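For reference, the structure is listed below as structure tokens.
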Number of protein chains: 2
Amino acid sequence: MSVNAAIASESLTRSVEDYLKAIYQLSPEGRPASTSEIAHLLALSPPSVTGMVKRLSEHGLLEHVPYRGVQLTDEGRRAALRMVRRHRLIEAYLVEFLGYSWDTVHEEAERLEHAVSDTMVERMATALGNPVVDPHGDPIPTVDGSIHEPACTALSDVPVGETVEIHRVHESQPERLRYIASLGLRPGVRVRVLDRQPFDDLVTIEVGGDQHVIGRELGHVLQCAREGDQ
Amino acid sequence: MSVNAAIASESLTRSVEDYLKAIYQLSPEGRPASTSEIAHLLALSPPSVTGMVKRLSEHGLLEHVPYRGVQLTDEGRRAALRMVRRHRLIEAYLVEFLGYSWDTVHEEAERLEHAVSDTMVERMATALGNPVVDPHGDPIPTVDGSIHEPACTALSDVPVGETVEIHRVHESQPERLRYIASLGLRPGVRVRVLDRQPFDDLVTIEVGGDQHVIGRELGHVLQCAREGDQ
DNA sequence: CGGATAATTTAGGATAGCCTAATTATCTCG
DNA sequence: CGAGATAATTAGGCTATCCTAAATTATCCG
Ligand SMILES: [Mn+2]
Ligand SMILES: [Mn+2]
Ligand SMILES: [Mn+2]
Ligand SMILES: [Mn+2]
């Protein structure tokens, strides 16, 4: 079985790897992911997802309850975390050593994650000094597949008057990332919430001496650490 | 047509890219390559090659005369040289920045060449200072698709008594490359031919104070620059 | 020139992935 | 509870890529 798993994991295709990663990202905790969520995230049709899900569950990478959703098995979760580690380390490497900015790394990593060897990933990690987060503040799983997702609060949910530090920026679209950067927002930056509108979750923040109004979507993209968070 | 070519070149698959590169490497000068040569190089069956060749010639990447062989079109040659550039720059980058040795880079580059973006390739080239040869001494095509293949003489063909410099090592198998390195042979090293047997192309050489006997196969892998070569 | 041999192509088939249209299951609400 | 809305699956198809076995073409040689 362990040999089987090893052999199988050598030969996961790009599609399979992206499915597993998508399912993991839709529910890191293991709650079932729905066909349409997966289809939407991967930009595929729902029937394509149903078909692939059937195959992956036959291979023991996930469990599928028809009409109910899918959950990764331990083996599927391990494979997914391996891809997440690759993706985030590649992003970090590209930013550190090849002059990429945080808005352009995702696309490159999305392809490279399937092509690099384990050896190369670990050499990149070493060259980087074994970082624990990627350029967007997302935690990098360890080689043995553990990951620490620190508690976070969406900027939209931070009480008025509080000062928080941006931990993670949950966004991969380049234009949006550029806009966020243009406001001076990035992991590690401290932000004070000055005001909140009664509707639409609009919050006014102060960052680096400037004030900005942040809408609901952006407010959920920006994940912050409050003093009480651990 | 130019738009067409651009669109088409975006979407070449890994298989197609490897076919084009293989055909180029079987005859850089454009002499027809045979089905079985291609099949052997790519470790595929001849019927698979026939099928792919048919498709590629429909796409204008090569010309096929049934039972006679295939030749790259200008577009096919351009795509092939693009892959050769990628492959060799990746090899150089891995050796320079990620601690690879020349016997392990080929396999990694064989996958990465299909996954990196043009941007990344050029950033690697810049980081390397725009090298003109790869770790095996093979020339790196320029971005605009020109390549200078310097005149070379196989070590087997070097006259007795002559001293030559190793230019290129035409080998990709790791064990063989390690053996070659263990003899102190690599691009840039000077070698003196001391003796030649009457049969089997065995030559005795002196390199770095040591003497070695080189057989026919290795003698053809080691490509040298003679004084007269340009 | 004609047959043996080697190279190549054709025939027929498999798998992975993806799609649209049609069908079925589940959920929600009056 | 049952009908309509919504989500998911099944049915049926397509392309790319590979394979083996059978047929065809080229070549070489006596
Ligand atoms: Mn990917
Ligand atoms: Mn990231
Ligand atoms: Mn390749
Ligand atoms: Mn090389």
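The structure presented is a predicted model; accordingly, all values stated were derived computationally and were not measured. Note on naming: letters A, B, ... go to the chains in the order of the sequence lines (proteins, then strands), and numbering restarts at 1 for each one.
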Tell me which residues in residues 52-64 of chain A put a heavy atom below 4.0 Å from DNA chain D, sorted by number, or none. A:Lys54, A:His64
Contact check, residues 28-38 of chain A vs DNA chain D, heavy-atom distance under 4.0 Å, returns A:Ser34, A:Thr35, A:Ser36
Can you tell which of [options] lies closest to the side chain of [X]?
X	options	result
B:Val16	D:dT10, D:dT24, D:dT17	D:dT17
B:Pro47	C:dT10, D:dT17, C:dC19	C:dT10
A:Arg68	C:dT26, C:dC19, D:dT9	C:dT26

Mind calculating the distance between [atom1] ([X]) and [atom2] ([N]) to the nearest angstrom?
X	N	atom1	atom2	answer
A:Arg14	D:dA16	CZ	P	18 Å
A:Leu20	C:dG17	CG	P	11 Å
B:Tyr19	D:dA16	OH	P	13 Å

Looking at A:Tyr67, I'd like to know whether one of its side-chain N or O atoms comes within less than 4.0 Å of OP1 or OP2 on D:dT10. no
So does B:Thr50 get a side-chain nitrogen or oxygen closer than 4.0 Å to the phosphate oxygens (OP1/OP2) of C:dT10? no
Looking at [Y] and [X], is any side-chain nitrogen of the basic one under 4.0 Å from a carboxylate oxygen of the acidic one?
X	Y	answer
A:Arg85	A:Glu122	yes
B:Lys21	B:Glu113	yes
A:Glu91	A:Arg86	no

Between B:Gly51 and A:Ser48, who's closer to the 5' end of DNA chain C by nearest nucleotide? B:Gly51
Go nucleotide by nucleotide along DNA chain C from the 5' end; which of A:Leu44 and B:Gly69 gets its closest nucleotide reached first? B:Gly69
Mind checking A:Ser15 for me? I need base, sugar-phosphate or nothing, with any heavy atom below 4.0 Å counting as a touch. sugar-phosphate
Below 30° counts as parallel, above 60° as perpendicular, anything between as tilted: where do the rings of B:His136 and B:Trp102 land? parallel
Cation over ring, A:Arg123 on B:Tyr100, under 6.0 Å and within 45°? yes
Atom CG of A:Asp74: over 12 foreign heavy atoms under 6.0 Å: no
Side chain to side chain donor-acceptor pair (under 3.5 Å) with B:His87: which of B:Arg82, B:Gln25, B:His106, B:His114? B:His106
Roughly how far apart are A:Tyr24 OH and A:Leu81 CG, rounded to 0.5 Å? 4.5 Å
Rounded to the nearest 0.5 Å, what separation is found between the NE2 atom of B:His59 and the NZ atom of B:Lys54? 13.0 Å
